[in-house]
Amino acid sequence: MPRLIVVSNRVSAPVDPAAGSAGGLAMALSAALKAYDGLWLGWSGDTVETFTGEPKFEDRAGVQVALVDLEAQDVEEYYNGYANKTLWPLFHHRVDLTAYERSYGEGYERVNRRFAEVLAPLVQPDDLIWVHDYHLIPIAWHLRRLGVTNRIGFFLHTPWPVRQLLVTLPHHRRLVESMFAYDLVGFHTEEWLDLFRDYVVSEARGELDGEGGLECFGRRVQTGVFPIGIDVDGFLAARDSPLGVRTYDRMAASSAFRSMMVGVDRLDYSKGLEERMVGYEQFLQDHPEKHGDVFLVQVTPISRDEVDAYQDIRARLDALAGRINGEFADMDWQPIRYLNRTYRRDQLAGIYRAARLGLVTPLRDGMNLVAKEYVAAQNPDDPGVLILSRFAGAAEQMGEALLVNPFSREELSDAIHKALTMPREERIRKWKALMQVVRDTDVSVWRDAYVAALRAAPVAANGDEAGSRSARPDAA
Ligand code: GDG
């Protein structure tokens, strides 16, 4: 088995896997790398006065990591700027929040080049290189220019945007052309891959080769769909650990004679948190008889707080949760427990298990692992019901959930009522089908399928040749 080099923006392998970390990519990659002789390279999260290009090597719970420090300007332009203020909102169809600053694009290219310069000397002839997410799309192009001929794959954890929105990005064509320096480009769902193909064919005049490949810009890239999953056994072990069980007991006691609903999401405008609360408010208005019988535990760790849009949504959610509690609460009942903090993974598993209903209602989401964790945590004899947005990538696989349009408060209200009154036999039937999907597509299946496809991909790129053959302009 060749060595696997994983590259992502942050190296967020948790020091203690049972504690976990709030982020889908972090949890998936640390689970994926456990089984491989590998190296994980990315930003340390620290800044330095002057970029050195010298990574720090560490062992994190059995995973070898190489940490790169960046300059403050890099963090501002590449991370807070192009990644979080440009590509993230655009890829989640929030053109209203997308910033189109030239300096962000320059910082993005600079940091991608820097990462490539750090990585190139570490690469051995048989290594496979697997790049993750929108932060690092052009890194393969820079690696090719530095003469790296290894197989390089890219996986996008977010949705791919529709062509009509992608073209609002200055230099959209250059971004897509960078993806043709890879040997394999992977997405979570057929829908995201279709949208990528649509751009390549309709905007860039590329062609499908009939074998899962795309030809464009004088090059060919293999494409594929690889739905990510969770580490099912690891998650079940966390659920059944002493702290997982204690948390379940605590939550079960605190929800005696009441049905608990749970939401777990980073504080992000893509997760549909406002819409969820408004849908729940509608439910409370539609069903006064349920007052006092249900409550929502919403676990929402603060995320990307240096970006204005995140501060804005945080303030709006504080106000909304406060308003709903103020309007409906009684002396012994509060409809929403809104928790801006991070819990350990084993605690989360216990919380999920105690919840009669899992609310996963993003407005647009690459996959969404919370949906899979909620299902995995349930008691097979008396499982809860998953309400899932049809706009999460997970909906492509999890059709047995109650699928909803999260933009409709009435649909959300009806789904909550349906879930709370669903007979046990129906809950068990749905849960079994969903659990089968969660098991069949767990994180090791995802990793192995991707790595096998990368090893099998026809080699398209050839070091210097790839760099020089490409017409991709160098300037930002
Ligand atoms: C991106 C894509 C895609 C959350 N709060 C706590 C906590 N979490 C964990 C959850 C889950 C993870 O964070 C969130 O994963 P998601 O998949 O829901 O979402 P993103 O972070 O946006 O992830 C997404 C994913 O990448 C993988 O490809 O599915 O579409 O946007 O594991 O449990 N974990 C702990 N405490 C918390 O308070 N320990």
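Side-chain atoms are counted along with the backbone in the values below, which use heavy atoms only and exclude waters and symmetry mates.
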Counting only heavy atoms not in [X], do more than 12 fall under 6.0 Å of its [atom1]?
X	atom1	value
Glu306	CD	no
Asp96	CG	yes
Arg94	CZ	yes

Between Trp88 and Arg304, is there a cation-pi geometry (under 6.0 Å to ring centre, at most 45° from the normal)?
yes
Cationic tip of Arg314 above Tyr310 ring, under 6.0 Å, 45° of axis:
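No, Arg314 does not sit over the ring of Tyr310.
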[X] side-chain N/O to [Y] backbone N/O, donor-acceptor pair under 3.5 Å:
X	Y	value
Arg447	Val451	no
Trp43	Asp46	yes
Asp442	Gly229	no
Glu396	Gly393	no
Thr168	Gln164	no
Gln222	Leu184	no
Thr86	Ala83	no
Arg3	Gly38	no
Trp40	Val11	no
Tyr248	Arg239	no

To the nearest 0.5 Å, tell me how far [X] [atom1] sits from [Y] [atom2].
X	Y	atom1	atom2	value
Glu76	Ser103	CD	OG	8.5 Å
Leu136	His142	CG	NE2	10.5 Å
Glu275	Leu320	CD	CG	9.5 Å
Met179	Ile137	CE	CD1	5.5 Å
Leu363	Arg276	CG	CZ	9.5 Å
Ile139	Glu109	CD1	CD	11.0 Å

Can you find a pair of side-chain heavy atoms, one from [X] and one from [Y], that are under 4.5 Å apart?
X	Y	result
Met261	Gln298	no
Leu359	Leu296	yes
Thr361	Phe391	no
Val264	Leu348	yes
Asn150	Leu128	no
Tyr82	Glu106	no
Leu273	Asp265	yes
Leu195	Arg163	no

For [X] against [Y], the heavy-atom pair lying closest together:
X	Y	answer
Ile129	Leu454	O-CD2, 3.8 Å
Ala449	Phe226	O-CE2, 3.7 Å
Ala66	Phe57	CB-CE2, 3.7 Å
Val262	Ala355	CG1-CB, 3.6 Å
Ala120	Leu143	N-CD2, 4.2 Å
Phe217	Ala204	CZ-CB, 3.9 Å

Is there a ring-ring contact (aromatic ring centres under 6.0 Å, His included) between His172 and Tyr199? Walk through the geometry before answering.
CA-CA 10 Å; His172 52 88; Tyr199 176 95; 5.7 Å; yes
Under a 4.0 Å threshold between the charged nitrogen and the carboxylate oxygen, would [Y] count as salt-bridged to [X]?
X	Y	value
Glu274	Arg316	yes
Arg455	Asp183	no
Asp74	Arg114	yes
Arg151	Asp127	no
Arg110	Glu77	yes
Lys271	Asp268	no

The single option from Tyr182, Trp130, Trp141 passing side-chain contact (heavy atoms from CB on, under 4.5 Å) against Ile152
Tyr182
If the test is side-chain contact (heavy atoms from CB on, under 4.5 Å), which one of Glu373, Lys372, Met367 qualifies with Val370?
Glu373
How are the rings of [X] and [Y] set to each other: parallel, tilted or perpendicular (split at 30° and 60°)?
X	Y	value
His188	His157	perpendicular
His132	Phe155	tilted
Phe187	Trp160	perpendicular

Does Tyr108 have its ring centroid less than 6.0 Å away from the ring centroid of His135?
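Not close enough - the centres of the two rings lie 6.0 Å or further apart.
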Examine the side chains of Asn80 and Tyr104 and answer whether a donor and an acceptor come within less than 3.5 Å of each other.
no
Pairing donors with acceptors under 3.5 angstrom, does anything connect the side chains of His93 and Arg364?
yes
